[in-house]
Amino acid sequence: IVGQTIPQIDARLAQGGIIAGRVTDAQGSGIANVSANVHPAENQVLYQHCHTDSTGNYTIYGVPAGTYKVDFSVSNVNYIPEWYNDKTSYGTADPVIVVVGQTNTLADAVLTEGGTIGGRVTDGTTGIANVRVYAYDLNNNQKGNCDTDGNGDYSIQSLPAGNYKVYFNTNYAGNYFPEWYNDKGSIDTADLVPVTAGQTTTLADAVLIQGGTISGRVTATQGNGLENVTVYIYMFNNSTYSVIANGYSGSDGYYTVSAIPTGNYQVYFYAKSAGNYISEFYNEKDSIENADTVPVTGGQTTTLADAVLATGAIIRGRVIDNSANGIGNVIVRVYDTNYTSLESAWTDSSGNYTVQSIPAGNCKVYFDTQQVANYFPAWYSDKKSFSEADTLSVTAGQTTILADAVLAQAGIISGQVTDESDNGIQGISVQIYNLSNTNILSTTTDSAGNYSAGGIPGGSYKVFFGGYQQN
């Protein structure tokens, strides 16, 4: 309370134990600025730490009684970190016991001098900053990394002696392609880089190739920019295609996709996350086969004409069972009259669905129950096949509300297969036949001999149990 003194706010502190010791090099000289870190023996969470002084000594106060493990980590000094006592991991580290009011003085931690990999990353002339350089051992474990400075120089310290492979990551370096040393495309083909304790291995310059850029804007027919359109860059060749790069349109509809190799590409504007708009290929094409080819040159920007996305139509409705209960997780698929998939959506827990971004025209709707237990799929309206399904006419910018889709529930045959001693038998084939002796469904018993065959229309059936796994 303002103007008043609150008395007797005592704090009773428990006395702790102390862990102390010294960190040296192989010659016995103390190493300054090494972090001595204390972890509980039951987990690797950092509990307490301190740094060595100029003579390599450290003292960690206020440690509760218990069993701990201690590691020695380095920064800006070329030594290899380790766990006490001369161990390489938390799991193998010696336990350190702490008693209240006592000091546990550890044996000296003698750190091994590391090796260094150094070099420079350039575009052929100028150094490239912010390239992250990784060193991997021959088991593909990362052993060290650093970022290039403003001049493109780097130095990875504290590496154990051995052979390494070096990777130049360009995620934060701009429009350049990553690579492995020396100018290799994968870790398998990368050159080996030998490292010797106490020495620096200086690599030849890593000359990174600059990528090309595709930029432009995505708009609605009214001219306003569309946000969250995914822009995919495809390479299409002999009926096969692959995604080379992608990006997203911003709040104003503008996009930039970088790090694209020199070549010819097709561009796709995917509008699923942008609202009720129809996705398209550049330039206003409906398929990758018909899309315009977009040439890209390294170090240059190809600016495309605006991608103007048409407004789609919307279909809404509900999927229910015979008791009018909503059925969730039904996939509602919309097809054109050529049986080409247009769009899809899932029903929510109440059975409601909204399918948007549908091209204007005629279409048919299918209720797919592959993710729903024990219901039969159907075409709208209550039809069994695509040819029988109702044809719907949908209009851009308008919503078509369908009558409820009532799905018929299927039956289930289940049971257990056992031997004469009532032990369940695994791996027995269970075959379901109708009364015309046509096999309609099959399944296999689990480890307890149980089986369950669902999705069966109402009626009478015969069941066959067969198998040779258990004699």
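Just the heavy atoms: all of them, side chains too, but no hydrogens, waters or symmetry mates, feed the values below. Bear in mind that the values here come from a model prediction, so they are computed numbers and not experimental data.
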Closer than 3.5 angstrom, by distance alone: can the side chain of [X] be matched with the main-chain N or O of [Y] as a donor-acceptor pair?
X: Gln48; Y: Gly62; answer: no
X: His39; Y: Gln44; answer: yes
X: Thr369; Y: Tyr375; answer: yes
X: Tyr58; Y: Val34; answer: no
X: Asn246; Y: Val231; answer: no
X: Arg318; Y: Tyr353; answer: no
X: Ser249; Y: Leu226; answer: yes
X: Ser344; Y: Val332; answer: no
X: Asp137; Y: Asn139; answer: yes
X: Thr444; Y: Ser429; answer: no

What residue pairs, at least two apart or across chains, pass ring pair (Phe, Tyr, Trp, His ring centres under 6.0 Å) with a residue in residues 142-168?
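Found Tyr154-Phe168, Tyr167-Trp180.
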Which residues pass the side chain to side chain contact (heavy atoms under 4.5 Å, CB included) test with [X], not counting sequence neighbours?
X: Asp86; answer: Glu82
X: Pro40; answer: Glu42, Asn43, Tyr47
X: Thr88; answer: Thr92
X: Ser357; answer: Asn276, Glu343

Got a list of side-chain donor-acceptor pairs under 3.5 Å for residues 118-135, not counting sequence neighbours?
unit_1: Arg120; atom_1: NE; unit_2: Asn151; atom_2: O; d: 2.8
unit_1: Arg120; atom_1: NH2; unit_2: Asn151; atom_2: O; d: 3.4
unit_1: Arg120; atom_1: NH2; unit_2: Asn151; atom_2: OD1; d: 3.3
unit_1: Thr122; atom_1: OG1; unit_2: Gly124; atom_2: N; d: 3.0
unit_1: Asp123; atom_1: OD1; unit_2: Thr125; atom_2: N; d: 2.9
unit_1: Asp123; atom_1: OD1; unit_2: Thr126; atom_2: N; d: 2.7
unit_1: Arg132; atom_1: NE; unit_2: Asp147; atom_2: OD1; d: 2.7
unit_1: Arg132; atom_1: NH2; unit_2: Asp147; atom_2: OD1; d: 3.4
unit_1: Arg132; atom_1: NH2; unit_2: Asp147; atom_2: OD2; d: 3.0

Only one of Tyr255, Tyr277, Tyr234, Phe281 passes ring-ring contact (aromatic ring centres under 6.0 Å, His included) with Phe269; say which it is.
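The passing option is Tyr255.
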By ring-ring contact (aromatic ring centres under 6.0 Å, His included) - contacts of [X] (at least two apart):
X: Tyr172; answer: none
X: Tyr265; answer: none
X: Tyr68; answer: none
X: Tyr84; answer: none

Just checking, is any N or O donor in the side chain of [X] or [Y] under 3.5 Å from an acceptor N or O on the other one?
X: Arg316; Y: Thr354; value: yes
X: Thr52; Y: Asn57; value: no
X: Thr213; Y: Asn175; value: yes
X: Ser186; Y: Asp188; value: no
X: Thr340; Y: Asn338; value: no

Walk me through it: do Val294 and Leu304 pass the test side-chain contact (heavy atoms from CB on, under 4.5 Å)?
CA-CA 8 Å; Val294 177; Leu304 302 184; 3.7 Å; yes
Go through the steps to decide whether Tyr380 and Tyr366 satisfy the test ring-ring contact (aromatic ring centres under 6.0 Å, His included), and finish with yes or no.
CA-CA 6 Å; Tyr380 188 81; Tyr366 178 64; over 10 Å; no
Find out whether the Lys NZ or Arg CZ of Lys165 is both under 6.0 angstrom from the six-membered ring centre of Tyr136 and within 45° of the ring's axis.
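No; the conditions do not both hold, so Lys165 does not lie above the ring face of Tyr136.
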Write out all pairs satisfying salt bridge (charged side-chain N to carboxylate O under 4.0 Å, His left out) with one or both partners inside residues 90-106, taking only residues at least two apart or from two chains.
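Sorted pair list: Lys87-Asp94.
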Would you please classify the geometry between the Tyr268 ring and the Tyr270 ring as parallel, tilted or perpendicular, with 30° and 60° separating the classes?
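Ring orientation, 0 to 90° scale: tilted.
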Working to the nearest 0.5 Å, report the span between [atom1] of [X] and [atom2] of [Y].
X: Asn362; Y: Leu392; atom1: CG; atom2: CG; result: 8.5 Å
X: Ser279; Y: Leu342; atom1: OG; atom2: CG; result: 11.5 Å
X: Thr170; Y: Tyr176; atom1: OG1; atom2: OH; result: 10.0 Å
X: Ile314; Y: Gln398; atom1: CD1; atom2: CD; result: 10.5 Å
X: Thr116; Y: Gln157; atom1: OG1; atom2: CD; result: 5.0 Å
X: Thr189; Y: Glu179; atom1: OG1; atom2: CD; result: 10.5 Å

Reference residue Ile18; test side chain to side chain contact (heavy atoms under 4.5 Å, CB included); the match among Thr59, Val63, Ile60
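It is Thr59; the other options fail the test.
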Ile233 and Ile214: CA distance, side-chain angles, deciding distance, side-chain contact (heavy atoms from CB on, under 4.5 Å) verdict:
CA-CA 9 Å; Ile233 313 302; Ile214 293 176; 3.9 Å; yes
Check the pair Ile19 / Val38 against side-chain contact (heavy atoms from CB on, under 4.5 Å), numbers first and verdict last.
CA-CA 9 Å; Ile19 297 175; Val38 177; 4.0 Å; yes
Below 3.5 Å, can you tabulate the donor-acceptor pairs from side chains in residues 95-112 to any protein atom, sequence neighbours excluded?
unit_1: Asn104; atom_1: ND2; unit_2: Ile97; atom_2: O; d: 2.7

Minimum heavy-atom distance Asp368-Arg333, with the two atoms named
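Result for this residue pair: OD2-NE, 3.0 Å.
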Ring centroids only, cut at 6.0 angstrom: are Trp379 and Phe386 within range, meaning strictly under it?
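Centroid distance Trp379-Phe386: below 6.0 Å, so yes.
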Between Asp292 and Lys285, does any side-chain N to carboxylate O distance fall below 4.0 Å?
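Looking at Asp292 and Lys285, the cut-off is met.
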Tell me, with the steps shown, if Thr55 and Asp53 meet side-chain hydrogen bond (donor to acceptor under 3.5 Å, both in side chains).
CA-CA 5 Å; Thr55 61; Asp53 61 20; 2.8 Å; yes
Evaluate the side-chain hydrogen bond (donor to acceptor under 3.5 Å, both in side chains) criterion for residues Ser73 and Asn37: first the C-alpha distance (whole Å), next the side-chain angles of each, then the deciding distance (0.1 Å), finally the verdict.
CA-CA 8 Å; Ser73 59; Asn37 310 301; 3.1 Å; yes
